[in-house]
Amino acid sequence: MQRPEAWPRPHPGEGAAAAQAGGPAPPARVGEPAGLRLQEPSLYIIKAVFILDNDGHRLLAKYYDDTFPSLKEQMAFEKNVFNKTSRTDSEIAFLGGMTIVCKSSTDLFLYVVGSSHENELMLVSVLTCLFESLNHVLRKNVEKRWLLENMDGAFLVLDEIVDGGVILESDPQQVIQKVNFRADDSSLTEQSVAQVLQSAKEQIKWSLLK
Amino acid sequence: HLEKSAVLQEARIFNETPINPRRCLHILTKILYLLNQGEHFGTTEATEAFFAMTRLFQSNDQTLRRMCYLTIKEMATISEDVIIVTSSLTKDMTGKEDVYRGPAIRALCRITDGTMLQAIERYMKQAIVDKVSGVSSSALVSSLHMMKISHDVVKRWVNEAQEAASSDNIMVQVLPLTPVKSNSDSSLGTGLLRELQTHLRPPVAARLLAFIATAVLSHESPLFDFIESCLRNKHEMVIYEAASAIIHLPNCTARELAPAVSVLQLFCSSPKPALRYAAVRTLNKVAMKHPSAVTACNLDLENLITDSNRSIATLAITTLLKTGSESSVDRLMKQISSFVSEISDEFKVVVVQAISALCQKYPRKHSVMMTFLSNMLRDDGGFEYKRAIVDCIISIVEENPEGKEAGLAHLCEFIEDCEHTVLATKILHLLGKEGPRTPVPSKYIRFIFNRVVLENEAVRAGYWKFLGYRDMPLLCPLDRCMMDTDDEVRDRATFYLNVLQQRQMALNATYIFNGLTVSVPGMEKALHQYTLEPSEKPFDMKSIPLAMAPVFEQKAATKPEKFAPSRQDIFQEQLAAIPEFMDLGPLFKSSEPVQLTEAETEYFVRCVKHVFTNHIVFQFDCTNTLNDQLLEKVTVQMEPSESHEVLCCLPAPSLAYNQPGICYTLVRLPDDDSTAGTNPQEGGERSKNASQLELLTVGANLWFFSKMKYGSFPK
């Protein structure tokens with residue numbers, strides 16, 4: 001089961017202290033009218049990032065918090081999102097209390113999910129960064145076949161953009177530089193096809209010589 | 001298409017030397033892919049794979065090393081002994097290869113727990129102030145994560161973090177502000193504010209602005225001007241954040257909101273869907289508290305109704321519903337109905353709620369709304385959606401006399417084909433309540449009759465409330481119900497039929513309209529007792545104590561299967577356990593404790609009076625406040641007035657210091673007061689009951705102590 005990125009369990013004594021004192025204490029505001037209060041901002045902006053194929057199947061997914069703790073829930077969510085966004089090709093949607101931004105390319109759908117309180121433009125910037133970086137890594141072929149062949153590059157790219165839900169980098173150029181990865185011009189499968197042809201040629205040659 | 005066992009088998013080549021980077025990378029990628037797909041790895045196989053992966057550190061292939069870091073992170077929770085890579089990672093994070101350092105730090109922090117954190121503390125501090133931006137930002141992000149585990153240790157790195165804030169890469173310099181932010185405005189240096197305006201990259205600036213905004217309490221705060229100036233920033237993200245901050249300020253007037261609103265208005269016509277969405281969502285929020293501030297945007301909002309993105313269109317409509325005028329209602333309704341089938345259930349509920357609010361605002365428009373709502377009812381939709389519509393219609397029916405008949409008619413039509421039992425029952429109840437008030441109530445009979453015949457048991461049983469209001473013609477379906485297949489339906493039908501055939505309003509009132517007024521647990525006990533002692537007398541409802549709380553509260557309290565015992569029930573059990581009190585019958589009422597002694601005395605006594613049918617039990621809770629005395633055989637002596645007879649005293653065996661004990665005195669009530677247990681609802685005996693109750697409340701004054709008998713000796 002792909003759990004959300006988990007941290008080692010806190011050491012008993014310190015964990016308690018952290019739980020008590022962790023995080024900023026919101027300023028005490030007495031007598032403030034309820035309703036329009038801003039959520040206390042946090043740097044944990046991203047809830048999840050995933051890439052689906054044309055049939056809504058998962059190719060790459062990372063969840064950064066406990067909103068969907070089990071694999072089943074994650075899959076159900078992805079399916080839900082896919083159904084809502086793939087047909088109408090909408091770039092932004094609201095689902096289950098969360099904002100989802102979407103980008104499609106050839107036969108892939110890229111998604112970034114955040115809480116509905118978040119600045120939507122930030123989610124879009126992460127999505128754009130992801131897409132642009134993948135575009136470079138996959139030599140402008142952001143499609144399923146190339147993605148599967150270069151999964152390691154995709155993993156590394158995502159790792160440089162979001163870490164544990166915090167936006168680490170939003171500039172594609174920086175990401176590309178750090179990842180320093182490019183898809184091979186001749187992919188492994190193509191090579192193996194050539195190898196097969198070669199060995200077949202050899203075999204025919206030998207059989208003719210016999 | 002990938003098989004876990006096959007891949008793990010392949011992973012054995014990690015142990016071979018020399019390491020083939022390409023092949024190993026390929027296999028490692030497959031492992032990560034499997035993990036990502038949710039494949040389950042048992043602890044043993046995960047640990048094996050992990051250890052095999054550690055061999056790959058011998059290779060200097062960059063991509064391979066980076067993938068090792070990723071594997072460490074992914075397997076941190078499923079493999080054992082992951083901390084063996086600590087030294088390798090520490091080496092990498094302080095090594096010469098810059099490209100390794102950042103990722104190594106992040107991997108290291110993922111496997112570090114509270115105990116180990118201090119061991120790597122100096123490395124972390126160095127990394128935070130490192131000149132290489134990737135290293136510094138990785139260290140800072142990791143520190144943020146580590147705060148969850150060990151807040152105190154990480155807090156010590158504040159100085160380094162603040163030093164890092166002055167470096168060129170400010171990507172993550174906001175991080176230190178989160179944990180150690182103090183809320184005074186002065187803590188935010190003016191330098192940083194300037195940076196925000198000019199140098200910071202948009203996501204950083206926007207987030208920083210959000211933090212600053214939490215320190216701004218009102219438009220009078222000095223930082224408010226700064227935020228307002230951000231409305232003119234060159235990055236849309238920052239502008240939007242500023243606008244959002246302003247509208248969330250408490251106690252803002254429409255005038256102060258105006259610059260933010262006008263910015264949002266501009267965004268409504270942006271070519272970027274995300275921006276339009278953000279704008280309309282925020283305007284929706286403003287409209288909740290300051291609808292007047294948003295009316296300027298009405299035209300732009302109307303344009304958005306036809307937006308290709310349905311979420312945007314829905315938000316636009318609901319905003320307009322909040323700010324629109326009576327004349328625009330017709331037009332709005334028409335526009336909504338054209339697309340409501342395409343939006344998700346959640347949005348549909350939102351729209352219905354907005355319509356509901358509008359119905360209350362413009363009651364004269366009920367006919368337009370009602371048509372629209374009934375159309376929505378006929379369409380497909382989930383339970384929540386249908387319920388929202390039904391609630392909306394019901395509120396119109398209840399509050400708007402002109403809309404009543406149309407509303408009821410629509411609801412009748414709905415229940416003909418409704419799959420939700422809860423809704424059908426609710427509507428039937430409503431028909432029962434409101435039907436008689438319409439000019440021709442009999443036209444609803446047909447619908448109800450059909451329901452009785454066709455629906456499931458819950459609906460059939462639930463509709464009986466309706467009957468009390470109706471006349472003879474209804475007795476016909478009742479007859480049918482007497483032959484219903486379900487037990488409860490039959491029982492209820494028989495009962496109600498008998499009551500109704502008496503044709504007495506008083507009976508109808510008692511048995512149909514008003515529910516049980518007695519305490520349900522009490523009734524259970526009384527019935528239980530009755531079954532234990534066979535007697536020729538019929539069971540007497542009057543012997544059951546009244547419900548202590550209003551009936552509807554009681555019903556709510558007894559919703560869970562087990563009844564929560566009330567205080568009275570607890571007392572009843574305690575007293576029933578005492579042999580002398582077993583024959584007293586059911587406990588009628590227990591009073592609140594009355595303090596009989598003053599605070600500073602040697603002993604502390606509280607009295608609770610338990611009233612039974614013919615007796616009163618005085619319970620004295622005594623506490624000895626002298627620590628060098630042990631009291632034994634404690635009783636409270638009472639001098640009764642004429643007609644009351646003290647039957648017995650049960651002493652508290654011993655009272656040690658500060659250990660409360662209980663002693664009882666049993667008093668018999670005079671015979672002519674045997675109506676003490678009567679259900680007051682019967683009336684008549686009221687005067688006697690009143691005096692009895694008076695007696696009880698004034699009790700402490702009528703009885704006085706002679707003395708407290710105790711034996712004392714030093715411990």
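Sequence lines set the chain letters: A, B, ... in the order given, protein chains first and strands last, and positions in each chain run from 1. The structure displayed is predicted, hence computed values, not measured ones.
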Donor-acceptor pairs under 3.5 angstrom involving side-chain atoms of residues 102-111 of chain A: please list them, not counting sequence neighbours.
from: Ser104(A); atom 1: OG; to: Asp89(A); atom 2: OD1; distance (Å): 3.4
from: Ser105(A); atom 1: OG; to: Val142(A); atom 2: O; distance (Å): 2.9
from: Asp107(A); atom 1: OD1; to: Lys144(A); atom 2: N; distance (Å): 2.9
from: Tyr111(A); atom 1: OH; to: Thr85(A); atom 2: OG1; distance (Å): 2.9

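Across Ala93(A) and Ser311(B), no two heavy atoms sit closer than the pair CA-OG, 3.9 Å. The two atoms that bring Ala274(B) and Ile92(A) nearest to each other are CA-CD1, 3.8 Å, heavy atoms only.
Contact tally against chain B (heavy-atom pairs below 4.5 Å) for Leu123(A), Ile45(A), Val126(A): the top residue is Ile45(A). In terms of heavy-atom pairs under 4.5 Å with chain A, the best-connected choice from Gly102(B), Pro103(B), Pro273(B), Ser308(B) is Pro273(B). Ranked by heavy-atom pairs under 4.5 Å with chain B, the first of Glu118(A), Met75(A), Gln177(A) is Glu118(A). Note on Asp98(B), Val154(B), Leu275(B): by heavy-atom pairs under 4.5 Å with chain A, the leading option is Leu275(B). Note on Arg276(B), Lys272(B), Met237(B): by heavy-atom pairs under 4.5 Å with chain A, the leading option is Met237(B).
A 4.5 Å side-chain heavy-atom check between Met151(A) and Asn36(B) finds every atom pair outside the cut-off. The shortest distance between side-chain heavy atoms of Lys62(A) and Glu74(B) falls below 4.5 Å. Here the side chains of His40(B) and Leu71(A) are not in contact, with every heavy-atom distance at 4.5 Å or above. Contact annotation: the side chain of Phe155(A) never approaches that of Arg66(B) to less than 4.5 Å [non-hydrogen atoms, C-beta and beyond].
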Do His57(A) and Gln37(B) pass the side-chain contact (heavy atoms from CB on, under 4.5 Å) test, and can you show the C-alpha distance, the side-chain angles, and the key distance before you say yes or no?
-> CA-CA 10 Å; His57(A) 295 137; Gln37(B) 287 287 315; over 6 Å; no
Full working for side-chain contact (heavy atoms from CB on, under 4.5 Å) between Lys73(B) and Asp163(A) | CA-CA 11 Å; Lys73(B) 288 205 267 192; Asp163(A) 183 278; 3.5 Å; yes
Using the side-chain contact (heavy atoms from CB on, under 4.5 Å) rule, take Leu168(A) and Arg106(B) through it: C-alpha gap first, then chi angles, then the decisive distance, then the call.
-> CA-CA 11 Å; Leu168(A) 190 54; Arg106(B) 289 187 279 128; 3.5 Å; yes
Determine, stepwise, if the pair Glu241(B) / Met122(A) fulfils side-chain contact (heavy atoms from CB on, under 4.5 Å).
-> CA-CA 10 Å; Glu241(B) 194 72 57; Met122(A) 275 203 233; 3.8 Å; yes
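Note: Asp152(A) CG to Thr63(B) OG1 = 7.0 Å, rounded to the nearest 0.5 Å. Thr99(A) contributes atom OG1, which lies 4.5 Å from atom OH of Tyr277(B) (distance to the nearest 0.5 angstrom). Here Tyr33(B) contributes atom OH and Leu60(A) contributes atom CG; the two are 9.0 Å apart, rounded to the nearest 0.5 Å. Here CG of Leu148(A) is found 11.5 Å from OG1 of Thr29(B). Values are rounded to the nearest 0.5 Å. Rounded to the nearest 0.5 Å, atoms CD (Glu120(A)) and OG1 (Thr282(B)) are 6.5 Å apart. Rounded to the nearest 0.5 Å, atoms NE2 (His117(A)) and OG (Ser244(B)) are 11.0 Å apart.
If you measure heavy-atom distances from Lys178(A) to chain B, the contacts under 4.5 Å come from both the backbone and the side chain. Interface residue Leu70(B): only side-chain heavy atoms are found under 4.5 Å from chain A. Of the atoms belonging to Leu95(A), heavy atoms from both backbone and side chain fall under 4.5 Å from chain B. Proximity to chain A (any heavy atom under 4.5 Å) is restricted, for Gln62(B), to the side chain, taken from C-beta onward. Val124(A) touches chain B through its side chain: at least one heavy atom from C-beta onward sits under 4.5 Å away, while N, CA, C and O do not.
Within the structure, salt bridge (charged side-chain N to carboxylate O under 4.0 Å, His left out) contacts touching residues 73-83 of chain A (residues at least two apart or in different chains) are Arg58(A)-Glu78(A).
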